[in-house]
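To start, the structure itself, in structure tokens.
Note: hydrogens, waters and symmetry copies are ignored here, and every other heavy atom, side chains too, is used.
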Amino acid sequence: MQSHLLTILILLPVIGAATTVAYSFTPGARESHYRWITLGFTTLLFLVSLLLISGAGGGTAAFRFTENYSWIAPLGARYHLGVDGISLWLVLLTTLLMPIAVLSSWTAVHKRQLTYYVLMLLLASAMIGVFVSLDLLLFYLFFEASLVPMFFLIGVWGGERRVYAAIKFFIYTAVGSLLMLVGIIALYFIHQQATGIGTFDYLVLSETLRTNLLTISPRAEFWLFLAFAFAFCIKVPLWPLHTWLADAHTEAPTAGSVILAGVLLKMGTYGLLRFNFGLFPNASRQFAPIMITLAVIGIIYGALVAMVQPDVKRLVAYSSVSHMGFVVLGLFSFTEQGMQGALYQMLNHGVSTGALFLFVGMIYERRHTRMISDFGGLARPMPWFSALFVIASLSSIGLPFLNGFVGEFLIMLGAWTSVAVQHAWIVTMLAGTGVVWAAVYMLWMLQRVVFGTETSEVNAGLADLNGRELGLVLPLLGLMLFMGVYPQPFLNRSRASIAAARANVLTPHEGGSPEVAANVERAK
């Protein structure tokens, strides 16, 4: 089983989708059973994915559970899968959030349930495929495939402006993906011209670059970096390419927002770390000051815009712009602490922001409004909701002993010592204000929603969390505490892979400028 574990993880949701469709044709099929089938397959998916912990990323940067077969022989495309200490945790985050997202849809989805749950399962398959693909063409196909189910989840089961939000989401991400496809094709022909062999295999490409069997001119590397980075920065989203995010989150159903924030945004930062750093190290170093500047702007901008949002869901959405800015800052610091913190913050954001969207969905189901002014005094009728909502919000702020603190502290520690940008201490101090602004908008939101006086008599009669809702959020809250108190298991598993990515990006390849080489020597 372990020799084909990654294929099983990709196909299991597809089998679940086929099973759900097949069941719909049986006599006496009931819509309420679709969610049970989907929950069963997503829970099984998570349990099977736990087998990855036993073999992936255990103190080595090598890829584990690899599968490598010829796929489209005339093109040199291969079915090449593998996980290391970077992709391991992102796969587990995906499989953890899927059954939680399904449970969050239990009473929220009332129309076209068969289509809804089939799309959820297909989305799970595509997301896992993104994180385990080691062939660029295969990665691109999974990257694009994840777009389609989310487009329909927003466009069919979203809010009043769902069609506008879905089309905006599709246009932004599709344009970026097409540019990446152009870059993939160009890289294929560059490798073919240099070696006589065309390939999309990431490990082959990175190895020929590392050994100087393949040399990319500085001009070509510049444009290839941009083609890949543009697609990934839209997905992050990095300021100023972020404008699709708030609309998509606001109009998406709760499960869609959880998956969008928890997993889809991580595809952008994962792509930067894996492919931009792995294939275009010279350009990555040259673009580092620009990327860091945009990240810091995003941190501050996202926080300031979140402060003035009247809609609690839009507030959480803009907080994602700020938090993902920290991830980009950590990645392009090119320090061990910063890059480790960036990967850890990816996981933190998926857990904490996913939980916040769940809480927003719970009060929306009760009041059918997300306006902050419509709430107040929820601590009295909903004590369990209020207590757990406060914990998740404090995690998002970065309170010590909760997971958000560890990631942000490592990122700022790495950024302070970075040589990727001049006056790194000023950059770090500016980024650090994002933590202050996060406390402002989160605590102000809590004061108006959870505490204070009741603004409506309807709020006094709201029911507290039921057993299903507690089962949704307690695993995430437990992870927040565990990751904040004891991050070592996560950091140990990713250390070797992060070190390998850092070493690659800090190694001057042929064609690098003297200024870049000097910066590399300083970093070493």
Side-chain angles (χ1 to χ4, degrees), residues 97 100-101 104-105 107-111 116 119-120 123 146-147 149-174 234-266 268 298 301-325 349-350 352-375 389 392-393 396 438 441-442 444-446 448-449:
L97 290 178
I100 292 174
S104 72
S105 308
T107 57
V109 177
H110 305 289
K111 64 178 182 179
Y116 177 87
L119 288 174
M120 288 285 286
L123 179 59
S146 66
L147 168 64
M150 183 56 69
F151 169 78
F152 285 110
L153 288 172
I154 297 171
V156 177
W157 292 273
E160 294 180 0
R161 301 175 71 242
R162 57 185 179 272
V163 175
Y164 166 78
I167 292 175
K168 190 174 183 180
F169 164 74
F170 186 88
I171 291 174
Y172 266 79
T173 51
I234 288 174
K235 208 78 168 183
V236 170
L238 187 66
W239 184 92
L241 303 172
H242 67 284
T243 56
W244 63 268
L245 182 68
D247 292 315
H249 268 311
T250 303
E251 303 304 324
T254 298
S257 293
V258 171
I259 297 302
L260 183 59
V263 183
L264 290 186
L265 303 190
K266 311 308 176 297
Y301 171 85
L304 293 178
V305 175
M307 286 173 57
V308 299
Q309 293 305 310
D311 183 322
V312 65
K313 198 173 187 182
R314 289 184 75 88
L315 183 149
V316 178
Y318 276 108
S319 76
S320 292
V321 177
S322 184
H323 289 307
M324 294 305 291
H349 181 265
S352 301
T353 305
L356 288 175
F357 279 119
L358 289 174
F359 284 116
V360 173
M362 291 170 190
I363 58 174
Y364 180 77
E365 280 191 49
R366 287 162 170 78
R367 284 294 318 273
H368 300 289
T369 178
R370 293 186 300 263
M371 303 306 291
I372 295 174
S373 59
D374 291 334
F375 296 99
F389 188 32
S393 300
S396 182
Y441 64 74
M442 276 296 180
W444 192 24
M445 181 270 292
L446 289 174
R448 290 179 289 170
V449 172

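Residue Arg162 comes nearest to Ile154 through the heavy atom pair CB-O, 3.1 Å, listed as atom of the first residue, atom of the second, then distance. Taking each heavy atom of Glu365 and Ser104 in turn, the nearest pair found is OE2-O, 4.0 Å. Summarising the geometry of Thr250 relative to Arg370, their closest heavy-atom pair is O-NH2, 3.2 Å, with the distance given to 0.1 Å. Contact detail for Ser319 and Ala306: the closest heavy-atom pair is N-CB, 4.3 Å. Annotation for Leu123 and Ile259: closest pair CD2-CG2, 3.7 Å, computed over non-hydrogen atoms. Met324 approaches Leu265 most closely through the heavy-atom pair CE-O, 3.9 Å.
With sequence neighbours excluded, the residues forming a side-chain hydrogen bond (donor to acceptor under 3.5 Å, both in side chains) with Lys313 are Ser257, listed by chain and number. With sequence neighbours excluded, the residues forming a side-chain hydrogen bond (donor to acceptor under 3.5 Å, both in side chains) with Tyr172 are Thr243, listed by chain and number. Contacts of Arg366 classified as salt bridge (Lys or Arg N to Asp or Glu O under 4.0 Å), with partners at least two apart in sequence or in another chain: Glu469. The salt bridge (Lys or Arg N to Asp or Glu O under 4.0 Å) test applied to Arg161 returns Asp247, not counting sequence neighbours. Remark: Phe152 engages no residue in a ring-ring contact (aromatic ring centres under 6.0 Å, His included) (not counting sequence neighbours). Remark: Tyr116 pairs with Trp157 by the ring-ring contact (aromatic ring centres under 6.0 Å, His included) rule, at least two apart or across chains. Residues satisfying the side-chain contact (heavy atoms from CB on, under 4.5 Å) criterion with Thr353, sequence neighbours excluded, are Ala261, Val316, Ser320, His349, Phe357. Every residue was checked against the side-chain hydrogen bond (donor to acceptor under 3.5 Å, both in side chains) condition with Ser393, not counting sequence neighbours, and none meets it. By the ring-ring contact (aromatic ring centres under 6.0 Å, His included) test, Phe389 pairs with Phe359, Phe385, sequence neighbours left out. Take Thr173 and apply the side-chain contact (heavy atoms from CB on, under 4.5 Å) test, not counting sequence neighbours, and it matches Leu147, Phe169, Ile234, Lys235. Partners of Phe375 under the ring-ring contact (aromatic ring centres under 6.0 Å, His included) rule, at least two apart in sequence or in another chain, do not exist in this structure.
Under a 3.5 Å cut-off, the side chain of Ser322 and the backbone N or O of Tyr318 do not form any donor-acceptor pair.
Here Met362 contributes atom CE and Thr254 contributes atom OG1; the two are 8.5 Å apart, rounded to the nearest 0.5 Å. Asp311 contributes atom CG, which lies 10.0 Å from atom OG of Ser373 (distance to the nearest 0.5 angstrom). Note: His249 NE2 to Trp244 CH2 = 6.5 Å, rounded to the nearest 0.5 Å. Separation of atoms CZ (Arg448) and CD1 (Ile372) is listed at 4.5 Å; rounding is to 0.5 Å. Rounded to the nearest 0.5 angstrom, Lys266 NZ and Leu260 CG are separated by 9.0 Å.
Using a 4.5 Å heavy-atom cutoff, the side chains of Val321 and Val305 are not in contact.
Open room surrounds CZ on Phe170; 12 or fewer heavy atoms of other groups in view lie less than 6.0 Å from it.
Counting only residues at least two apart or in different chains, salt bridge (charged side-chain N to carboxylate O under 4.0 Å, His left out) contacts with residues 250-262 are absent.
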